[in-house]
There are 2 protein chains.
Amino acid sequence: MTDVPPTEPPFHRAKWPFYWIARVTGRYFQTMETALEPIGIDVPSYRVLMTLYEDHHVSVSAIADACVIKLSTATRIVQRMTADGLVVTRPSPRDRRVTEVSLTAKGETLRHQVKAIAESVLAQAFEGVSDAEREALNSLLAGVFGRLKG
Amino acid sequence: MTDVPPTEPPFHRAKWPFYWIARVTGRYFQTMETALEPIGIDVPSYRVLMTLYEDHHVSVSAIADACVIKLSTATRIVQRMTADGLVVTRPSPRDRRVTEVSLTAKGETLRHQVKAIAESVLAQAFEGVSDAEREALNSLLAGVFGRLKG
DNA sequence: TCACATTACGTGAAAATTCACGTAAATAAG
DNA sequence: CTTATTTACGTGAATTTTCACGTAATGTGA
């Protein structure tokens, strides 16, 4: 047995999945910011609009959870969107601590435009990627998300 | 041919790759923030420390590019790290517009601790994921990154 | 019922990020 | 060489996010 020299083990970011995940997220939001500029929507509002796509009344904390942001940040984004006339809020009849957020007519209209923009960005980013690969990606990431401790 | 009702096409975030990518990134940084708290490093500093792992002298703009953040943000993070004694800066001898960032002894020490923490988080998050799957993920994401317009 | 903990949210203050702009150095054009 | 033009960075001001804390409503246990 010979001594190995005390060199550091090799390290390459490019082999590090979280490097690419963070990178793609950063560039994606940057791309969306540019693509959404013509219709005057910023990225936080876009994320909330998409969250409101599936359910009509969503609580502020559900929005915070879906977007992985702090509750107080979600409160502020909803306040801005309310000022812009995109959403309205009301206390939940079931639990009056809860603030339910829903789209206005203006918000409905923008939601569709925003979705179309997001779909074109997605199509370009995943050009040449098969449906099977996409699904594998989704389930792999869902698994990783589940194993990450909050 | 019969008319279809004017219902909206179904939409599910869970089928949307960027939903999971953004989600994993958010939770990853949240997890790292908690894991790094004992050694007093925040996520932006962690990202810069890892960027300095491969090369000893890195420009502020290269840091901004690697972390997908604005140049002025990178400037400010480096200023904070300098104040904390983790890095030092100097004008590049080749191009004096460039500010080269490098680790101090203190930064060197923390870099290794930080890497160990990041590796344990990675190991947990990718438990049960094969090397082949990880590499496929990396190359898929690298491709997506390349196709996203800045 | 009564005390106590928890949850959901809002808000002032602090911190981080970004924008807009300016400077200095390097490069390109003439 | 001279004059744009571009690039890299820093900085004050504005915006956004987050923290720390408070309040009100709900849940829980004795």
Side-chain angles (χ1 to χ4, degrees), chain A residues 22 25-34 36-37 40-48 51 55 57-84 86-102 150, chain B residues 22 25-27 29-34 36-37 40-49 51 55 57-84 86-102 150:
Chain A
T25 301
R27 187 105 115 186
Y28 175 63
F29 285 149
Q30 190 178 302
T31 303
M32 286 303 295
E33 188 182 333
T34 305
L36 292 169
E37 200 187 13
I41 298 288
D42 60 11
V43 168
S45 298
Y46 149 68
R47 298 187 77 187
V48 172
T51 302
D55 304 299
H57 297 281
V58 179
S59 71
V60 175
S61 55
I63 289 171
D65 182 67
C67 300
V68 200
I69 53 179
K70 309 294 176 184
L71 178 59
S72 61
T73 306
T75 299
R76 249 100 205 213
I77 294 169
V78 168
Q79 287 169 344
R80 270 180 280 161
M81 292 177 75
T82 303
D84 293 343
L86 300 177
V87 299
V88 290
T89 60
R90 69 164 192 214
S92 163
R94 309 222 168 221
D95 182 341
R96 272 171 302 186
R97 293 170 303 177
V98 173
T99 301
E100 285 183 350
V101 183
S102 55
Chain B
T25 301
R27 187 104 113 185
F29 286 148
Q30 190 178 299
T31 303
M32 285 303 296
E33 187 182 333
T34 305
L36 291 169
E37 201 186 13
I41 298 287
D42 61 12
V43 168
S45 298
Y46 148 69
R47 298 188 77 189
V48 172
L49 285 175
T51 301
D55 304 299
H57 297 281
V58 179
S59 71
V60 176
S61 54
I63 289 171
D65 182 66
C67 300
V68 199
I69 53 180
K70 308 294 177 184
L71 179 59
S72 61
T73 306
T75 297
R76 250 97 204 216
I77 294 169
V78 168
Q79 286 169 346
R80 270 180 282 163
M81 294 176 75
T82 303
D84 292 343
L86 300 177
V87 298
V88 289
T89 61
R90 68 163 192 214
S92 164
R94 309 221 168 222
D95 182 340
R96 271 172 302 189
R97 292 170 305 177
V98 172
T99 300
E100 285 183 351
V101 183
S102 55

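A quick note: this is a predicted structure, and the numbers were derived from the prediction, not measured. Chain letters run A, B, ... following the sequence lines, proteins first and then strands; every chain starts at 1.
- A donor-acceptor pair is defined here as one N or O able to donate and one able to accept, closer than 3.5 Å; such a pair exists between the side chain of B/Asp95 and the backbone of B/Arg97.
- DNA chain D lies under 4.0 Å from at least one heavy atom of each of the following residues of residues 70-82 of chain A: A/Lys70, A/Ser72, A/Thr73, A/Arg76, A/Ile77, A/Arg80.
- Separation of atoms CZ (A/Phe29) and OG1 (A/Thr34) is listed at 13.5 Å; rounding is to 0.5 Å.
- Here the closest heavy-atom approach between residue B/Ala74 and residue B/Ile63 is recorded as CB-CG2, 4.4 Å.
- To the nearest 0.5 Å, the span separating OG1 on A/Thr99 from CZ on A/Arg90 amounts to 11.0 Å.
- Side-chain atoms of B/Thr73 never come within 3.5 Å of backbone atoms of B/Ile69 as a donor-acceptor pair (strictly under, hydrogens ignored).
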Any chance you could lay out the side chain to side chain contact (heavy atoms under 4.5 Å, CB included) test for A/Met32 and A/Tyr28, step after step, and finish with the verdict? CA-CA 6 Å; A/Met32 286 303 295; A/Tyr28 175 63; 3.6 Å; yes
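- One interatomic measurement links the two molecules: CZ of A/Arg96 to P of C/dT7, which rounds to 20 Å at whole-angstrom precision.
- Within the 4.0 angstrom heavy-atom criterion, no nucleotide atom of any strand lies near A/Glu100.
- Of the possible polar contacts, none joining the B/Ser45 side chain to the B/Ile41 backbone as a donor-acceptor pair under 3.5 Å is found.
- First and last contacts of DNA chain D with chain A, using any nucleotide atom under 4.0 Å from a protein heavy atom and ordered 5' to 3', fall at D/dT16 to D/dT26.
- Once rounded to the nearest 0.5 Å, the distance linking CG of A/Asp84 with CG of A/Asp42 reads 8.5 Å.
- Comparing B/Ser61 and B/Glu33 against DNA chain D, the residue whose closest nucleotide sits nearer the 5' end is B/Ser61.
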